[in-house]
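Chain letters run A, B, ... following the sequence lines, proteins first and then strands; every chain starts at 1. Just so it is clear, the model here is predicted, and its values are computed rather than measured.
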Amino acid sequence: MARILITSALPYINGIKHLGNLVGSQLPADLYARYMRARGHEVMFICATDEHGTPAEIAAQKAGKPVADYCAEMHTVQADLAAGFRLSFDHFGRSSSPQNHALTQHLAGRLHAAGLISEVSEKQVYSNADGRFLPDRYIEGTCPNCGYDRARGDQCENCTKQLDPTDLIDPRSAISGSTDLEVRETKHLFLRQKSMRDQLRDWIKSKKDWPILTTSIALKWLDDGDGLQDRGITRDLDWGIPVKNGDKDWPGMEGKVFYVWFDAPIEYIAATAEWAEAQGKGAEAWERWWRTDKGADGVRYVEFMGKDNVPFHTLSFPATMIGANFDGAEPWKMVDYIKSFNYLNYDGGQFSTSQGRGVFMDQALSILPADYWRWWLLSHAPESSDSEFTWENFQASVNKDLADVLGNLVSRVTKFCRSKFGEQVPEGGSYGPREDQLIADLSARLKAFETQMEAMEVRKSATELRGFWVLGNEYLQEAAPWSTFKTDADAAAAQVRLALNLIRVYAVVSQPFIPDASKAIMDALGCDDWSWPSDMGAALATLPAGHAFTTPEVLFAKITDEQREDWQNRFAGTRA
RNA sequence: GGGCCUGUAGCUCAAUGGUCAGAGCAGGGCGCUCAUAACGCCUUGGUUGGGGGUUCGAGUCCCUCCGGGCCUACCA
């Protein structure tokens, strides 16, 4: 039994996430966590809301609420939706937690002691009307290059030219529209990652098995142009983790907070500490996952994220971990594998939180159960390139795979049994060569599924699982118990007994993808044995003759053309 | 501008430089009647975006052109 630490990129706090966010990190992480638990491994699956930064403050302001209240409310909303999608986090934390405050400040102090923090004075744009410094992209104005009047301070969207906020003609605040802007001098802490470039490169190059998407992004940041740059880790904001040197004040940094991207990955660790506290356990309970000197040396740590998150997870966060161990006193667990995803598009364009385009998690659950979405999203996960959600494809996939192949199989087996033998596993007959062949085929197919799951090949895993289901229909068609029954009731009994057991095996193996349907099958079969069918023959003898069951309701209702068209229209525009 | 990814059947995707480029869906045919008009079997369908090159051999490697996407460090 191995110990596996799994983190999903943290969903940002400023609103409900869309299906693209879900499939880019949390959902595949959940699939992996569920599978590894099912295989008997010890899993720690961590996620949290990412609560700091300018967008959170602005979202709270728009909602007319204090930012702390807003974040607390949105955290609850996101936690409920995660539960609705059956995301099986061991803990869903908050980056604003006391644990993260303490740990972030502690690690900053360690980096300072290591000589890896420098203080840099910068000039930044301050908006008097908004009472805040403005990040470059929150300043709008006319592009000096093309004359586009809604160019942002970092780049003109129209002509794609890179800009500096001071380049803009007639600059104004993107938040309030105010032109009462001034340039102020402000001091910030920088993480001296430049000095750790070789260490980071060696570490990344040692990861031979990482996806190209992951390593190419990391190496680009390391070596492109002037190479890896030092990174600001503080901001002039009210909401965030106050800048401290461990538990001591940091002279000159009063009133400043750490940059959200500094404290967000640290929350992976802090959230595990939150978990330990919630469980009534001591520090050793979380340290055995995160400190290689305290038990984490045997842990395999896997991160899931969208491609936009890769630089922070391959460079800044590792730099923090390596730097904090400058004297060998704090060996932190480093990531072993990064699974990154491309983007899911929606009907010819992008999903967009800011524009409200696409299907959002709450809307999705309001029209169909979680399993439908889980199945489609996972079986179409954007692994090798961006992929696209269309309602036609969704309808076709769900109806064929879930309703016809799996759902109908469960239905035909249980209903046939009920009508010929009653609602109990029939007795009599014995297995022959056909059944031996089925067991061999199932074993081979399961092995292929396991291989793909362990490699985190999400789409291929779904394909293998579907193939595993198809074997049941093929067997039934060939054995044809409805014909057998007319001449040899005992033989039909044996065939149905096997088929009922096969359905149980399907519930167990499918559980990482479609947990609710699996549970419904198990409940109908009156069984709670979720052990993995490593010995297929034995697994298919789990339900003995005479075992009572109930015929389940339709597992997956088909999506009708009317429904599809209705949803297509309903979700065609942007969300209010 | 630079970097990276990507382009394969009507659709969604496979294929360590090595049989005749394969699956699922859709389409066509046959079978079955237990089942959610479901299931099974067979089958149509390709100049692998265009062009050039390397190689005994290229979907795969190189060059070039065309299309789609992402990133480019103060959104997160």
Side-chain angles (χ1 to χ4, degrees), chain A residues 9-14 50 52-56 58 122 124-125 133-139 152-155 160-162 164-165 174 188 193 211-213 215-217 219-221 223-226 228-232 235 259-261 264 306-312 315-316 342-343 345 350 353-354 379-380 382-388 390 392-393 396-397 399-405 407-420 457 459-460 462-463 466-467 470 472-485 492 495-496 499 553-558:
Chain A
L10 308 186
Y12 196 66
I13 195 71
N14 69 339
D50 178 15
H52 300 134
T54 307
I58 293 169
E122 294 186 313
Q124 282 197 354
V125 174
F133 281 93
L134 296 177
D136 289 357
R137 70 167 48 195
Y138 282 92
I139 303 162
R152 289 190 323 217
D154 55 343
Q155 186 176 37
T160 74
K161 188 180 170 62
Q162 307 255 353
D164 197 79
H188 282 296
Q193 358 181 69
I212 292 172
L213 184 63
T215 46
S216 64
I217 292 173
L219 290 174
K220 152 100 161 125
W221 278 56
D223 294 326
D224 192 52
D226 297 332
L228 185 63
Q229 299 298 302
D230 292 345
R231 180 128 202 158
R235 289 292 182 273
Y259 175 40
V260 54
W261 258 116
K307 57 185 167 184
D308 52 331
N309 278 338
V310 168
F312 301 97
L315 301 168
S316 312
N342 287 285
Y343 292 142
N345 291 322
Q350 294 188 336
T353 303
S354 57
S379 61
H380 294 79
E383 289 179 300
S384 56
S385 66
D386 292 355
S387 65
E388 172 146 327
T390 65
E392 287 85 356
N393 188 302
S397 252
N399 286 356
K400 197 68 201 174
D401 300 343
L402 296 182
D404 293 347
V405 176
N408 181 58
L409 176 69
V410 172
S411 189
R412 65 196 294 207
V413 169
T414 50
K415 285 182 180 170
F416 179 76
C417 183
R418 180 175 62 182
S419 76
K420 303 300 184 207
E457 292 282 357
R459 301 174 86 124
K460 289 178 183 172
T463 301
R466 188 190 190 281
V470 166
N473 280 316
E474 288 174 354
Y475 168 75
L476 222 55
Q477 195 66 32
E478 199 190 321
W482 49 89
S483 302
T484 317
F485 184 76
Q495 291 162 349
V496 171
E553 296 299 309
V554 166
L555 267 190
F556 299 101
K558 289 203 190 197

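Side-chain contact between Arg231(A) and Phe312(A): present, with at least one pair of heavy atoms (C-beta onward) separated by less than 4.5 Å. Here the side chains of Ile58(A) and Tyr138(A) are in contact, with some heavy-atom distance below 4.5 Å. Side-chain contact between Asp404(A) and Phe556(A) is absent, with no heavy-atom pair separated by less than 4.5 Å. When side chains are defined from C-beta on, Asn393(A) counts as touching Ser397(A), because their heavy atoms get closer than 4.5 Å. Side chains of Asp386(A) and Lys307(A) form a contact here, defined as non-hydrogen atoms less than 4.5 Å apart. At least one side-chain heavy atom of Trp221(A) sits less than 4.5 Å from a side-chain heavy atom of Pro311(A). Side-chain contact between Asn309(A) and Trp261(A): present, with at least one pair of heavy atoms (C-beta onward) separated by less than 4.5 Å.
Following rounding to the nearest Å, Asp404(A) (CG) and U36(B) (P) show an atom-to-atom distance of 12 Å. Rounded to whole Å, the distance from CD on Glu122(A) to P on A73(B) is 14 Å. Per the geometry, CG belonging to Asp50(A) stands 9 Å off P belonging to A76(B), to the nearest Å. Distance, Phe133(A) CZ to C74(B) P: 16 Å, rounded to whole Å. Computed from coordinates, the Glu383(A) CD to U6(B) P distance equals 13 Å when rounded to whole Å. Following rounding to the nearest Å, Trp221(A) (CH2) and U72(B) (P) show an atom-to-atom distance of 6 Å. Atom CZ of Arg459(A) is separated from atom P of A15(B) by 11 Å (rounded to the nearest Å). Atom CG in Asp223(A) sits roughly 16 Å away from atom C1' in C71(B) (whole-Å rounding).
Note on Tyr343(A): every side-chain N or O is 4.0 Å or more away from OP1 and OP2 of U6(B). Note on Tyr259(A): a side-chain N or O is less than 4.0 Å away from OP1 or OP2 of A76(B). OP1 or OP2 of C75(B) lies within a sub-4.0 Å distance of a side-chain N or O belonging to Arg137(A). At C74(B), one or more side-chain N or O atoms of Arg231(A) fall inside 4.0 Å of OP1 or OP2 (strictly under the cut-off). Regarding contacts with the backbone of U36(B), a side-chain N or O of Lys415(A) is found under 4.0 angstrom from either OP1 or OP2. Phosphate proximity of A15(B) to Lys460(A): present, with a side-chain N or O under 4.0 Å from OP1 or OP2. Contact annotation: Lys558(A) reaches the phosphate of A38(B) (side-chain N/O to OP1 or OP2, under 4.0 Å).
Between the side chain of Glu474(A) and the base of C39(B) there is no donor-acceptor pair of N/O atoms closer than 3.5 Å. One donor-acceptor pair, N or O on each side, does fall under 3.5 Å between the base of A35(B) and the side chain of Asn408(A).
Between the P atoms of C25(B) and U43(B), the separation comes to 15 Å (whole Å). Rounded to whole Å, the separation between the C1' atoms of C65(B) and G18(B) comes to 29 Å. Distance check on atom C1': G27(B) versus G10(B) gives 9 Å, rounded to whole Å. The C1' atoms of A9(B) and U33(B) are separated by 33 Å, rounded to the nearest whole Å. Nucleotides G50(B) and G59(B) place their C1' atoms 15 Å apart, quoted to the nearest Å. Taking atom P in both G67(B) and U8(B), one finds a spacing of 16 Å when rounded to whole Å. Using atom P as the reference point in both G69(B) and G24(B), the two lie 31 Å apart (nearest Å). Of the C1' atoms belonging to C32(B) and G46(B), the separation is 33 Å, rounded to the nearest Å.
Comparing Gly53(A) and Arg412(A) along RNA chain B, the residue whose closest nucleotide (by nearest heavy atom) sits nearer the 5' end is Arg412(A). Remark on RNA chain B: of its neighbouring residues Asn309(A) and Gln193(A), the 5'-side contact belongs to Gln193(A), judged by nearest-heavy-atom nucleotide.
Under a 3.5 Å cut-off, the side chain of Asn14(A) and the backbone N or O of Ala56(A) do not form any donor-acceptor pair. Under a 3.5 Å cut-off, the side chain of Gln124(A) and the backbone N or O of Phe133(A) do not form any donor-acceptor pair.
Here Leu228(A) lies in heavy-atom contact (under 4.0 Å) with a base. Within 4.0 Å of Thr463(A), counting heavy atoms only, lies no atom of the nucleic acid at all. Base contact: Lys220(A) has a heavy atom under 4.0 Å from a base atom. Using a 4.0 Å heavy-atom criterion, one finds that Val260(A) contacts the sugar-phosphate atoms exclusively. Within 4.0 Å (heavy atoms only), Gly407(A) reaches at least one base atom of the nucleic acid. The residue Gln124(A) sits close to a base: some heavy atom pair falls under 4.0 Å. In this structure, Val470(A) reaches the sugar-phosphate backbone alone: every heavy-atom distance under 4.0 Å involves primed, P, OP1 or OP2 atoms, never a base. Within the 4.0 angstrom heavy-atom criterion, no nucleotide atom of any strand lies near Ser379(A). At a threshold of 4.0 angstrom between heavy atoms, the contacts of Asn342(A) with the nucleic acid are absent. When heavy atoms are screened at a 4.0 angstrom cut-off, Leu409(A) is found touching no nucleic acid atom at all.
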**Item:** Verdict with supporting geometry, Lys400(A) and Arg466(A), side-chain contact (heavy atoms from CB on, under 4.5 Å)
**Value:** CA-CA 10 Å; Lys400(A) 197 68 201 174; Arg466(A) 188 190 190 281; 3.7 Å; yes

**Message:** Apply side chain to side chain donor-acceptor pair (under 3.5 Å) to residues Lys558(A) and Asn399(A) and explain how you reach the verdict.
**Reply:** CA-CA 5 Å; Lys558(A) 289 203 190 197; Asn399(A) 286 356; over 6 Å; no

**Message:** With side-chain contact (heavy atoms from CB on, under 4.5 Å) as the criterion, how do Asn473(A) and Val405(A) come out once you've worked through the C-alpha distance, each side chain's angles and the decisive distance to 0.1 Å?
**Reply:** CA-CA 7 Å; Asn473(A) 280 316; Val405(A) 176; 4.1 Å; yes

**Worked verdict on Gln495(A) versus Thr484(A) for side-chain contact (heavy atoms from CB on, under 4.5 Å)** = CA-CA 9 Å; Gln495(A) 291 162 349; Thr484(A) 317; 3.2 Å; yes

**Message:** Would Leu476(A) and Arg412(A) count as a side-chain contact (heavy atoms from CB on, under 4.5 Å) here? Give the steps.
**Reply:** CA-CA 9 Å; Leu476(A) 222 55; Arg412(A) 65 196 294 207; 3.5 Å; yes

Protein and nucleotides 30-32 of chain B: nitrogen or oxygen contacts under 3.5 angstrom:
unit_1 : atom_1 : unit_2    : atom_2 : d
G31(B) : N2     : Gln477(A) : NE2    : 3.0

Contacts under 3.5 Å, N or O only, protein and nucleotides 24-26 of chain B:
unit_1 : atom_1 : unit_2    : atom_2 : d
G24(B) : O3'    : Arg466(A) : NH2    : 3.4

**Complete:** Its dot-bracket string being built from Watson-Crick and G-U pairs below 3.5 Å, with | for another strand and [ ] for crossing, RNA chain B has the pattern (((((((..((((....[...)))).(((((.......))))).....(((((..]....))))))))))))....

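For the residue pair Gln193(A) and Leu228(A), the shortest heavy atom distance occurs at O-CD2, 3.5 Å.
Distance from the side chain of Leu476(A) is smallest to C34(B) among U12(B), C34(B), A73(B).
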